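I have placed the structure first, in the form of structure tokens, so that the comments after it can refer back to it.
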Amino acid sequence: MPEGHSVHRIARQFARHFVGRTVAVSSPQGRFADGAALLDGRTMTDAKAVGKQMFLDFEDGLWLRVHLGIYGAWDFAGSLELGFDPTTASAGGRMGQTNQQGTVVGAHEDSLASIGAPRRTRLRMAEQEKVVDALESWPPEPIGQVRVRLLTEDAVADLRGPTACEVLDDAGVRAVLDRLGPDPQLDDGPEAKAKFVERLRRSGKAVGLQLMDQAVVAGIGNVYRAEILFRARMNPHLPAKQVTLEQARDLWADWARLLEIGVTTGQMMTMDDLADDAYRAALANRADRHWVYKREGLPCRVCRTHIVLEEMGNRKLYWCPRCQA
DNA sequence: CATCGATGTTGAG
DNA sequence: TCAACCTCGATGG
């Protein structure tokens with residue numbers, strides 16, 4: 001499932017292709033029929049992400065709140081000429097290559113670029129983004145269990161499998177936001193940093209649990225947790241109140257950096273400090289993208305000690321018992 | 001083809 | 001604390 005970076009990228013797609021437009025809202029699956037009727041025919045006025053939550057603002061103070069949970073996803077389809085292209089903004093000049101269909105794909109398996117591609121395209125935005133169909137009728141038939149379809153004249157977004165999908169008023173949105181910690185994509189200034197540092201360190205719980213608590217910091221998930229802790233050479237079991245001020249500030253800065261890379265590239269690249277050729281190889285090969293995540297039993301990339309897998313907070317935790325002693 | 005597991009949260013007990 | 005949610009790629013037979 002997407003961590004914070006994916007949700008920001010999805011919100012960006014809505015901002016680009018839906019905000020300012022009248023939207024036909026439906027629930028092909030039927031489970032969101034009432035909510036769809038409330039929103040149908042209104043203009044979308046804003047789209048924003050906070051951590052893993054997304055909020056789409058419609059006329060008259062109505063919001064659609066979506067959380068993808070563990071297997072939710074948005075499928076976008078529309079005209080490529082409108083710029084459905086999550087990789088054009090990617091950094092480092094890592095351009096795409098043309099595949100056998102003439103569709104342009106990125107330097108890795110799950111991205112899309114727009115050069116010379118067919119007129120219509122579709123892409124999935126969850127943990128992966130990729131071409132599903134090159135050409136099809138318009139609008140396309142919903143595939144599978146589509147909870148919500150948002151349709152404009154030239155773009156469509158289908159939502160399936162979300163944990164949360166509901167219509168809220170301003171107060172409802174505020175109530176959700178009040179439960180969330182800071183998100184460095186929204187504010188990476190001193191105030192947000194101080195809030196993170198204070199909330200992280202006020203608990204005696206393990207720092208590995210605190211980083212996953214969305215009230216401490218919004219947007220970190222299981223991959224980024226493991227990687228951030230390794231990058232800090234910090235033991236996941238360290239009680240959060242024993243994390244020094246400087247360490248806590250560094251954790252925040254590193255998360256802000258990794259999140260920015262994720263939002264820009266669409267990749268959970270957590271080994272950004274590699275040389276350029278090694279970086280390219282890491283991007284190309286999913287298994288080589290992380291320091292510890294999903295590397296249990298494999299030698300640590302730094303000290304060759306076997307990476308450990310254990311449960312923490314009902315999730316798999318990966319770490320190096322030597323580097324993170 | 002069947003089964004498993006996942007980048008997550010909620011709410012029952 | 002743990003099952004439910006309800007999707008789909010990866011894995012195994």
Side-chain angles (χ1 to χ4, degrees), chain A residues 1-10 27-32 49-55 65-75 108-111 122-133 142-149 158-166 168 172 175-181 183 185 205 208-230 236 255 258-259 261-263 265-271 283 285-296 309-319:
Chain A
M1 176 41 34
E3 299 191 20
H5 70 299
S6 308
V7 183
H8 282 284
R9 289 171 65 81
I10 292 165
S27 179
Q29 172 202 57
R31 286 184 54 183
F32 189 65
V50 183
K52 302 170 195 168
Q53 308 264 356
M54 187 177 68
F55 303 92
R65 169 195 164 237
V66 172
H67 193 299
L68 293 176
I70 198 163
Y71 39 56
W74 283 99
D75 280 358
H108 44 84
E109 72 280 5
D110 54 9
S111 74
R122 175 179 279 227
L123 55 113
R124 154 162 287 243
M125 294 195 73
E127 75 277 19
Q128 296 187 349
E129 302 160 357
K130 65 183 178 184
V131 179
V132 174
D133 292 308
I143 298 171
Q145 298 288 305
V146 175
R147 184 81 57 91
V148 185
R149 162 165 283 197
D158 285 345
L159 171 67
R160 43 181 25 97
T163 278
C165 173
E166 61 177 351
L168 296 175
V176 175
L177 294 181
D178 284 347
R179 304 198 307 261
L180 296 176
D183 176 340
Q185 278 288 300
K205 288 193 286 188
L209 285 175
Q210 287 294 90
L211 288 179
M212 291 279 279
D213 184 343
Q214 301 300 300
V216 171
V217 50
I220 294 180
N222 206 28
V223 179
Y224 281 128
R225 161 178 75 172
E227 295 293 295
I228 288 168
L229 287 168
F230 180 86
W255 165 231
L258 292 182
L259 179 60
I261 291 169
V263 171
T265 67
Q267 311 285 321
M268 298 186 90
M269 170 48 72
T270 55
M271 304 199 300
L283 272 185
N285 196 340
R286 224 178 159 72
D288 289 339
R289 239 172 245 180
H290 304 304
W291 290 108
V292 293
Y293 180 72
K294 276 201 171 161
R295 299 198 71 245
E296 71 273 22
L309 166 61
E310 64 181 85
E311 292 276 321
M312 181 183 273
N314 271 338
R315 309 298 298 278
K316 310 263 191 203
L317 169 69
Y318 305 83
W319 61 295

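In what follows, every chain begins at residue 1, and chains take the letters A, B, ... in the order their sequences are listed. From a predicted model like this one, the values you see are computed outputs, not experimental measurements.
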Expressed in angstrom and rounded to an integer, what is the separation of [X] atom [atom1] from [N] atom [atom2]?
X        : N      : atom1 : atom2 : answer
A:Leu68  : C:dC5  : CG    : C1'   : 14 Å
A:His67  : B:dT7  : NE2   : P     : 14 Å
A:Lys294 : B:dC4  : NZ    : C1'   : 11 Å
A:Asn314 : B:dG11 : CG    : P     : 17 Å
A:Gln267 : B:dT7  : CD    : P     : 18 Å
A:Arg225 : B:dT9  : CZ    : C1'   : 15 Å
A:Met212 : B:dT10 : CE    : P     : 13 Å
A:Asp75  : C:dG9  : CG    : P     : 10 Å

What pairs with [X] under side chain to side chain contact (heavy atoms under 4.5 Å, CB included), at least two apart in sequence or on another chain?
X        : value
A:Ala164 : A:Arg65, A:His67
A:Lys316 : A:Asn222, A:Leu309, A:Glu311, A:Tyr318
A:Gln185 : A:His8, A:Asp183, A:Leu259, A:Glu260, A:Val263

### Message
Can you list everything that forms a side-chain hydrogen bond (donor to acceptor under 3.5 Å, both in side chains) with A:Trp319? Sequence neighbours excluded, please.
### Response
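So A:Trp319 forms a side-chain hydrogen bond (donor to acceptor under 3.5 Å, both in side chains) with A:Glu310.
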
Return no unless some side-chain N or O of [X] is found under 4.0 Å from OP1 or OP2 of [N].
X        : N     : value
A:Lys52  : B:dT7 : no
A:Tyr71  : C:dC5 : no
A:Arg315 : C:dT1 : no

### Query
So what does A:Arg179 hit on the nucleic acid, given a heavy-atom distance under 4.0 Å: a base, only sugar-phosphate, or nothing?
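Here A:Arg179 touches the backbone only, sparing every base.
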
### Query
Does any non-hydrogen side-chain atom of A:Gln210 lie less than 4.5 Å from one of A:Asp213?
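Yes; the side chains approach each other to less than 4.5 Å.
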
### Task
Decide yes or no on side chain to side chain contact (heavy atoms under 4.5 Å, CB included) for A:Thr270 and A:Phe230, but give the supporting numbers first.
CA-CA 10 Å; A:Thr270 55; A:Phe230 180 86; over 6 Å; no

### Query
Of the nucleotides C:dT7, B:dG8, B:dT10, which one has an atom closest to the side chain of A:Gln145?
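Of all the options, the side chain of A:Gln145 is nearest to C:dT7.
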
### Task
Give each stem of DNA chain B as a range with a range, requiring at least 3 consecutive Watson-Crick or G-U wobble pairs whose two distances are under 3.5 Å.
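So the stems come out as B:1-6 with C:7-12, B:8-12 with C:1-5.
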
### Task
Determine the minimum heavy-atom distance between A:Cys165 and A:Arg147, stating which atoms define it.
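Answer, listing the atom of A:Cys165 first, then A:Arg147: SG-CG, 4.3 Å.
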
